[in-house]
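Below: one structure, written as structure tokens.
Proteins come first, then strands; the chains are lettered A, B, ... in the order of their sequence lines, and each starts at number 1.
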Amino acid sequence: MEEKKESLNFIEQIITNDLETGKHEKIITRFPPEPNGYLHIGHAKSICLNFGLKETFKGKTNLRFDDTNPSKEETEYVESIMEDVKWLGFDWDNLYYASDYFDQLYDWAVMLIEQGKAYVDEQSPDKISEQRTNPTTNGIESPFRNRPIEESLKLFAEMKEGKHDEGSMVLRAKIDMNSPNMHMRDPIMYRIMKKHHHRTGDKWCIYPMYDYAHGQSDYIEGITHSICTLEFEVHRPLYDWFLDQIDTTGKRPRQIEFARLNLTYTVMSKRKLLDLVTNKYVSGWDDPRMPTVSGLRRRGYTPESIRNFAERIGVAKRENMIDVGLLEYMIREDLNKKANRYMGVLDPLKVVITNYPEDKTEEFDAKNNPEDETAGTRKVSFSNTIYIERDDFMEDAPNKFFRLKPGGEVRLRYAYFIKCENIIKDADGNITELHCTYDPESRGGQSPDGRKVKGTIHWVDSKTCVDAEVRLYDRLFLKENPDDLDENETYLDYLNPDSLQIITAKIENNLADAAVGTTVQFERKGYFCVDKDSNSDKQVWNRTVGLKDSWSKIAGK
RNA sequence: UGUCCGAUGGUGUAAUGGUAGCACUUGUGAUUUUGGUUCAUACAGUCAAGGUUCGAAUCCUUGUCGGACAACCA
């Protein structure tokens, strides 16, 4: 037997240890999105982490919507999030909402007031903020901090009943106004919000803050390891403080922080993604240029490729910036095995084969996927007029150019050798057509005399090919890190004006009826999938990613 | 000039006191009816200075650099 020693990331090590020491028998994790936007690739990392832990340690994972702020949250987001998690290939053991716990949270708040650990503060937000001062100076205690417990109890009940206006008072935990950790300077537990909640409707007009809801929700669900991103590290003492107040079982969740994903040439904050959508810089949350899960899905990424990506990038506590090229590598790797090959010409140049009978047509067998014999073969039609890629021809070609050039010979994939005899140009000198001759002996792409032809190019039969709209995507931003800005700059200054190029391509007729979502490789060009914008008049393809192109490197030198 | 966190090739991530490894990127070569794939091979790293130790990426001290925190957001 081969011993496979997988190296563990720091969270897996903690869990392994907790299991070995008997601290926990079973682990429970959770993915706790706020339903105020669509999931992005950074969330995918977190999902893969949390649900991956469940799989490797045979535990459980809950999906819990952190819906404590009704002013920003919507059902649309709840639905998209569930769809995305499922699409990524994960099942939650339980579906919960933080709002499920509003009653319990309220009771605990009353308990804290009764114990003198919370009070109603009637100061303005500005005043409260001002009294907290800054991390290097002591804070100032609120004049309401030591009001009678009964008074706080009464006011808190009135807050709940809607007797007070928004912003007029809040419930605060009484902790330490001099703490060097700002989150411990009497954090706000409840604020008044007279807003309709997507689940509880109009039952409540006070809502708990994140810090007062999150740890308790974990506790109620029996979460053992509560994994979040680094910016919550400073919240951990508060997370623990609130648990100290309610824990009677000794079984408490442990908050563990890891570094969020950053990708080159993109932005990842929900606020910025929302900006891009609402200001129409992109077509929507699922625009294929967006780093959202729905955008990647529409772009043609597979769940496997994203999961492999998450696996590859690892989990640690140091800030990181992952090259978007790694993501692209992952989808190529996956699609290379899965996608059937077809021929499609993105920038067509007409070629007439002068010694091929004008009325003749024939068919060749073509492999659907050289990486997968079981994918079978298909027939591709051929005639005297075909289209080839415009950049597969060069009038003044360097030695290393293996494609078509004047007097040169090239192989048409699966068809014949052709030789370029004549170049036809228009009045402006643009090449409009090529006249070539073919070698009938080279049928199928081999020559009986054994002469070598270095180049093989793709083509389509002009008599049977179909037109299709192809959307070529490029990175949305020109700057590697659009968040790294000088003063007076915004990330929008670095939007790539050429991130979308729409062209009309000619593709082989075998693809004429391809359904939305079909993913193929256009040989030598890249991976493409049929977009949902397709209809009976027009087929639309998205370029998922181009093939690795070592010629462009040589040509660029 | 507060508290907390972090620092390993260009980018990520392992090694948990005992040979610094893996992936991506990059270079070179082989194979190839996709300049794709595949295969081989090379380049390249422990933030710095002290200390502990037979032995330090790992432990200690100091420093340097980077990040987080001062919403009635999460």
Side-chain angles (χ1 to χ4, degrees), chain A residues 6-10 13 32-34 36 66-69 71-73 98 121 124-125 128-130 132-139 166-172 179-185 187-193 206-207 209-211 213-214 228-237 257 259 264 270-271 311-323 325-330 332-333 336-337 341 343 366-367 370-371 400-403 411-415 417 442 444-446 453-458 521-526 546-555:
Chain A
E6 295 282 328
S7 65
L8 304 177
N9 65 47
F10 79 101
Q13 288 173 28
E34 183 189 11
N36 69 342
D66 224 333
D67 54 354
T68 56
N69 185 352
S71 67
K72 290 163 51 175
E73 295 150 7
D121 194 338
S124 69
I128 290 174
S129 166
E130 188 189 312
R132 273 206 263 254
T133 67
N134 60 62
T136 55
T137 25
N138 284 165
E166 284 189 20
S168 62
M169 55 186 70
V170 292
L171 183 69
R172 289 227 258 171
S179 171
N181 183 336
M182 297 299 284
H183 296 280
M184 302 298 272
R185 318 254 269 215
I188 289 166
M189 295 165 61
Y190 273 93
R191 74 286 215 193
I192 299 171
M193 289 183 100
I206 55 171
Y207 292 93
M209 300 287 289
Y210 165 86
D211 285 305
H214 201 91
C228 61
T229 45
L230 248 28
E231 68 268 26
F232 291 100
E233 212 154 18
V234 274
H235 293 242
R236 186 162 13 109
E257 310 85 12
T264 56
K270 273 199 215 172
R271 198 212 94 221
E311 180 67 28
R312 262 283 155 258
I313 60 176
V315 177
K317 290 194 75 160
R318 73 188 84 115
E319 303 280 341
N320 60 81
M321 175 69 78
I322 309 283
D323 189 338
L326 184 62
L327 220 208
E328 295 175 343
Y329 171 83
M330 289 299 164
R332 283 194 198 101
E333 180 187 63
N336 178 48
K337 294 175 295 190
R341 277 107 271 207
M343 292 197 281
K367 283 184 181 176
E371 302 295 316
K400 285 190 173 173
F401 187 78
F402 305 145
R403 284 114 88 150
R411 173 168 37 235
L412 295 177
R413 173 134 239 223
Y414 298 124
F417 291 180
S442 65
Q446 274 150 335
V453 170
K454 185 99 175 168
T456 301
I457 63 172
H458 62 280
Q521 181 193 108
F522 286 159
E523 291 216 31
R524 303 207 306 134
K525 285 281 124 184
L547 255 29
K548 196 173 137 196
D549 180 7
S550 36
W551 164 246
S552 69
K553 272 177 210 158
I554 298 166

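In this structure, B/U32 forms no base pair with any nucleotide, since neither Watson-Crick nor G-U wobble geometry is met with both distances under 3.5 Å.
Between A/Thr133 and A/Phe401, it is A/Phe401 whose nearest contact on RNA chain B lies nearer the 5' terminus. Each of A/Glu233 and A/Thr68 lies near RNA chain B, and the nucleotide nearest A/Glu233 is the one positioned closer to the 5' end.
More than 12 heavy atoms of other shown residues, nucleotides or ligands fall within 6.0 angstrom of atom CD in A/Glu333. For A/Lys367, the NZ atom counts as loosely surrounded, since its 6.0 Å shell holds 12 or fewer non-hydrogen atoms of other residues, nucleotides or ligands.
Counting distance only, with no hydrogens placed and no angle test, the side-chain atoms of A/Arg332 and the base atoms of B/G36 include no donor-acceptor pair under 3.5 Å. Donor-acceptor pairing under 3.5 Å, judged by distance alone, is present between the side chain of A/Glu371 and the base of B/G36. Taking 3.5 Å as the limit, the base of B/A74 and the side chain of A/His235 contain a donor-acceptor pair of atoms between them. Scanning atom types as modelled, one donor and one acceptor separated by under 3.5 angstrom connect the side chain of A/Arg341 and the base of B/U34.
Residues that satisfy the side-chain contact (heavy atoms from CB on, under 4.5 Å) test with A/Met209, not counting sequence neighbours, are A/Ile188, A/Arg191.
Residue contacts shown for A/Met169 are absent, as no nucleic acid heavy atom lies under 4.0 Å away. Counting non-hydrogen atoms under 4.0 angstrom, A/Gln446 reaches a base of the nucleic acid. A/Asn9 comes within 4.0 angstrom of the backbone, heavy atoms only, and of no base.
Glycosidic torsion of B/A71 falls within 90° of 0, placing the base in syn.
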